[in-house]
Structures are given as C-alpha cells and as structure tokens.
Asks: 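Here it is, the structure, as structure tokens.
Note that ligands are numbered from 1 as they come in the structure, with each ligand's atoms numbered from 1 the same way.
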Amino acid sequence: MSQKVRVRFAPSPTGPLHIGGVRTALYNYLFAKKNDGVFILRIEDTDQTRYVDGAEDYIKNSLDWLGLAPDEGPGYGGDFGPYRQSERKELYKQYAEELVAKGKAYYAFDTPDELDQMRKSYEAKGVHSAKYDSNTRNEMRNSLTLSESESQALIAANNNVIIRLKMPSNEEISFSDIVRSDVTFKTSELDDKVILKNDGMPTYHLANIVDDHLMEISHVIRGEEWLSSTAHHVFMYNALGWDTPKYVHLPLILKPTGKGKLSKRDGAKFGFPVFPMEWQDKKEDVLYLGFKEMGFDTDALLNFLVLLGWNPGNDEEILSRDKMIELFNLDKIVKSGARFDFDKAKWFNQSYIQKSNNEDLFPIVSSMLSEKEINVSENFIKQFITLMKERVTFFPDFYTEGEFFFNSPNEYDQKQVKKRYKPEMDTHFNRIISDINSVSGAEEMAAKVKGYLNENELKMGAYLPLLRIMICGGMKGPDLFEIINLIGSEEAINRIEKGLTSFQQITSNIS
Ligand code: GLU
C-alpha cells in the first residue's frame, strides 16, 4: 500500500455511541493496526442543535474501556488537529466559496416560509416531498435566479444566506466501494445539499470531506447509511480537484428477528444492551443498559462485534485481539445485513471467562466481593474462581450465582424441600454431619458420605439434593463436596443443622 493508512471514526456527539458505531470504530481500529496505520477520532459536532451534553465524553470513555483508544483525536494528541469540527469552523468557508467560484455551488436566500410554500405548491400538483434540486432551484431565490447585484446585496445583509451544492441535472456520479464494488447515482435523484449555513457553520457534508482531505484520510470506513451522501462527497472532491479516499460502507446491523435495522428501542424490547456503557438519557429520563455494567469482557464483546459483517474466511470464531488484527481485511466484509444475536454475544462472553486465567479473573472477582463487603482470603477467592468460572456468563454472575460460598442461605427452594424431605431422614443427616467432621478434603468427604448412603441402602438421589439445598439454598452450584470443603466443615455443619430445622418447618406447614 503506497499511501499511509490513516482512518477515522467520526461520530457526532448527538447521544451515546450505539453498538453499530462501536463496530465501525473497531473495523477502523483493526484496519489501522493491521497496516501500521493511524486511527483517528474526529468529533463531528457542526450541528449544534443536535449536540448532547456528555456524549463526547461517553464516546471517549467507551473507546478507552474497549481498548480502542485512538492514536489521534481530541485529548489524544496528533498533528492534524483540532479534531473537533466546531473548533475548525473558520476553515470551511473558503472551500464553500471555492465551490461557488467554480460554478459547483451557489448562494440561496429562501426563507423557511418560502421553502414551505414551494413544497406545498408541488404537493398540490401531486409531487410529494419535493426537494431543492436541479428541477426546483430555478423557481427559488438564489444566486442562479437573481441578478448579480441583488445577490451581492443579500449576501452582504447576511440574512438567511446559505450555500448549496449545484448538482448537475442529468449526469451520473460513480465511485468504487471496497464492499460494494462500483456504485452509481443519478444526479437527477440527488438534492442540492446545503454545505454552509447562515451562521458560517458547515454542514456535515462539507466538514466531512474537507477534514478527510486535510487529515489525509486514506480509507473512509463507515455505516451503509452514508452511501448516498457519498455521491455528494465525490462531487465535491472532483470539483475541488482532490483525490477521493477509498470507500468502505459497512452492512447494517439487523434486529434479532433479522427484519430491519437494530435501534436503541430494541434494547428495551428484547432485553439486551445496545450501548457499550450505561447511558442516562436526560431528555427521555431513561437509563439505558450497557454491556460494561452487564458484565461483559471487552475482548469477548469485540470478538462478537467483529463477526457482525466480517469473517476470517473460515469457521474460526474465537479470535483474540491480536488474531483479529492479524486476520482483518476489507475484502471479507460482507454486503448483507448482520443479525444481532444476543445469545451469541453471551456465548462469547461465557467462552472468554472460561478460558481466562484465574490470575486475570482475580482482580475482577476480588473487587466485586470487596464491594459487597465480603472479606475472604486470597486463596479462598482463587478456589472460588476455579469452581465457578465454568458456570458464569457475566462477571456479576460470580456473585449472584455463587453467593452461598459467602453467606449461609436464608431461603430454600421450598418446592424441592416439600417434594423430597421427610423427618425420618434426620438421623441419617446427623450421621452425615459426623462423617463430614471426621475427614478433610472434598474427595474424602464425598467418599465417606456416599459410602454411608450405600452401606445403608439409602438413595443418593434422595439425600444429596437435600444436602445441596441446605448448603446452597437451591439445586445449583458446582460440585457439592468442593463447596463444603471450601466453606469448611464447621460452616457446612451449621448449615445442615439450620437446614434441618427449616425443612421441618417448611414441611409441617403443608396443609
Ligand atoms: N458524523 C457521521 C456520523 O455521525 C460520520 C459519518 C462518516 O463517517 O462520514 O456517523
């Protein structure tokens, strides 16, 4: 590759980063890393009306959490800054004026009322949602229809003056996209987009191409929804005599049903997060769930996301970060939408936790336990991790699924107790207590207790589930004797005694 790879992730701070945006950031990041390139974060905040407080910080915190920190960007340094478009405001006007001078753009002076009237008059003729374009611009008030002196006076008064692109009436604009090959748009279907607003702020379209050019962006990797804007962008590149970057439009991420684009409402509807981190929406007064708070491992989440629209060319699914960088290529990005399957995300997380080293899990689990004010030894935590890590899907499950390691149960699975317990079992449980007391080690305890049950022709399937309920509260958890061994025989015996008393109460209440 001759040109240095420089790619950018260019979100608008209009809200939290959607999971589709995270995938876009990830693909840009991987492509940069793979090619010794540079990954840039650019904040596209020219539309002040849609600006949301806290959104930029949210975006940066999310990228940092995911280990996708940019090489250049606001707060990250770099020689092509500023990286926030609102701080580059002065820079854009000259290019809009250059486009006017070249006959590729023009001034327009129409008031909102006039625009409204135009739409209504077309509607009366049966044309719905008429656009400002090569068909309608000749009927409007702009520098193409007014005299030079009239236009100059209006420009000087700077009232409702904007600059629009002058899209040709009957041509084609073609460009090549790495995912979609050759793409062609008919200019007759493209409107005369506003590129500079009355307050001197550029719109997305102008700011985006000027910055991609000035920041020497080699590849534009972004969502499919920007495909049609690309025709306008290519028109401007050509008019300004600049080379276009290479385009890569990523497929949509679809709802779990496979029908339609995944939206933020789907999170609530299907009960999974669509944002990397929790987001408090002040306007809607809603707290949106985050993958982070749900207990996702960042590498598991990235592994899930990388396969939404790309594959390594074989069936390999578990891809470490290094492996993703090694294998990532643009040719294997697919065109068709990728279905968001949350069960798959869970499967990745579970697999990652299972294959994590205990040392890596230790800080996560021990800080979770400290938060719950649980004080146990380092050795206890290590053994706890070994016993539980096969059984959890999310980090918080260590605690929610394994709380009985630290606290004696206060509630029991009543249905099971009523079904299984009979007071005449007590004598045998008392023997089990002394068996547990007489040996140490999980295997030894298991052998002793099972030996006793066998010798007395008592059913394992009758006694062991009840023993488990006394220790854990319900029919859950890893190997019972490993649990007993870790919590210690004294604690186990207390639980059995407490369990027997409670079981008697539970069963005597049967009416
Ligand atoms: N600011 C656009 C967005 O919010 C960026 C699109 C692009 O990457 O060009 O997604």
Side-chain angles (χ1 to χ4, degrees), residues 5-32 37-52 54-60 62-63 68 70 72-74 80 82-89 92 165 175 177-180 183 185 193-195 197 201-237 242 244-253 261-264 274-276 279 305 309 330 333:
V5 166
R6 289 179 54 83
V7 289
R8 83 309 189 264
F9 174 51
S12 298
T14 53
L17 184 56
H18 183 271
I19 206 68
V22 178
R23 186 205 46 185
T24 302
L26 173 64
Y27 283 18
N28 275 285
Y29 168 90
L30 292 174
F31 187 64
V38 179
F39 172 51
I40 298 158
L41 173 68
R42 185 171 73 220
I43 298 293
E44 301 210 321
D45 58 349
T46 53
D47 189 351
Q48 300 285 320
T49 57
R50 295 184 60 220
Y51 183 85
V52 171
E56 182 183 323
D57 282 343
Y58 178 93
I59 291 166
K60 292 198 258 185
S62 299
L63 294 180
L68 302 178
E72 297 177 18
F80 293 77
Y83 293 92
R84 219 175 263 122
Q85 288 184 328
S86 57
E87 291 168 18
R88 303 168 66 82
K89 183 181 167 193
Y92 304 108
L165 284 180
F175 56 92
D177 181 280
I178 293 179
V179 178
R180 276 144 229 278
V183 183
F185 282 93
K193 289 235 179 293
V194 178
I195 54 170
K197 293 181 276 187
M201 264 293 193
T203 60
Y204 155 74
H205 301 286
L206 179 65
N208 188 266
I209 66 123
V210 167
D211 287 346
D212 282 348
H213 175 71
L214 297 179
M215 293 181 182
E216 296 177 12
I217 299 302
S218 60
H219 296 73
V220 166
I221 305 175
R222 64 182 168 199
E224 179 181 282
E225 63 272 30
W226 301 103
L227 194 65
S228 71
S229 302
T230 308
H232 290 100
H233 298 179
V234 169
F235 175 75
M236 287 189 273
Y237 275 105
W242 298 343
T244 60
K246 296 201 167 52
Y247 290 109
V248 185
H249 284 93
L250 307 178
L252 292 178
I253 297 185
K261 191 177 158 184
L262 181 73
S263 77
K264 72 174 183 183
V274 292
F275 297 119
W279 169 260
L305 288 178
L330 301 175
I333 295 176

Asks: What's the shortest distance from atom 8 (O) of ligand 1 to any protein heavy atom, and which residue and atom give it?
Replies: Arg8 NH1, 2.8 Å
Asks: Can you name the salt bridge (charged side-chain N to carboxylate O under 4.0 Å, His left out) partners of Glu56, sequence neighbours left out?
Replies: Lys60, Arg84
Asks: If the test is side chain to side chain donor-acceptor pair (under 3.5 Å), which one of Asn208, Asp211, Asp45, Asp47 qualifies with Gln85?
Replies: Asp211
Asks: Who are the ring pair (Phe, Tyr, Trp, His ring centres under 6.0 Å) partners of Phe275, not counting sequence neighbours?
Replies: Tyr288
Asks: Looking only at protein heavy atoms, which one is nearest to atom 2 (C) of ligand 1, and how far off is it?
Replies: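 Of every protein heavy atom, Ala10 O, 3.3 Å lies nearest to atom 2 (C) of ligand 1.
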Asks: Which residue holds the protein heavy atom closest to atom 10 (O) of ligand 1, what is that atom called, and what is the gap in Å?
Replies: Trp226 CZ2, 3.3 Å
Asks: Side chains of His219 and Leu330, heavy atoms from C-beta outward: is any pair under 4.5 Å?
Replies: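 Side-chain contact under 4.5 Å: yes.
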Asks: Compare His205, Arg222, Gln85 and give the one whose heavy atom is closest to atom 7 (C) of ligand 1.
Replies: Arg222
Asks: Check the orientation of Tyr247 and Phe175. Use parallel for under 30°, tilted for 30 to 60°, and perpendicular for over 60°.
Replies: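 Ring orientation of Tyr247 relative to Phe175: perpendicular.
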Asks: Could you identify the single nearest non-hydrogen protein atom to atom 1 (N) of ligand 1 and state the distance to 0.1 Å?
Replies: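 Sorting protein heavy atoms by distance from atom 1 (N) of ligand 1 puts Glu44 OE1, 2.6 Å first.
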Asks: Examine the proximity of ligand 1 to Tyr204 and report which part, side chain or backbone, both or neither, has a heavy atom under 4.0 Å away.
Replies: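 Looking at Tyr204 and ligand 1, just side chain atoms fall under 4.0 Å.
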Asks: Mind checking whether Val220 contacts ligand 1 via backbone (N, CA, C, O), side chain (CB onward), both or neither, at a 4.0 Å heavy-atom cut-off?
Replies: neither
Asks: Under 4.0 Å from a heavy atom of Asn208: which atoms of ligand 1 are those, numbered in the order shown and with their elements?
Replies: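 Selected atoms, number and element: 7 (C), 9 (O).
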Asks: Using a cut-off of 6.0 Å, state whether more than 12 heavy atoms not belonging to Lys261 lie near its atom NZ.
Replies: no
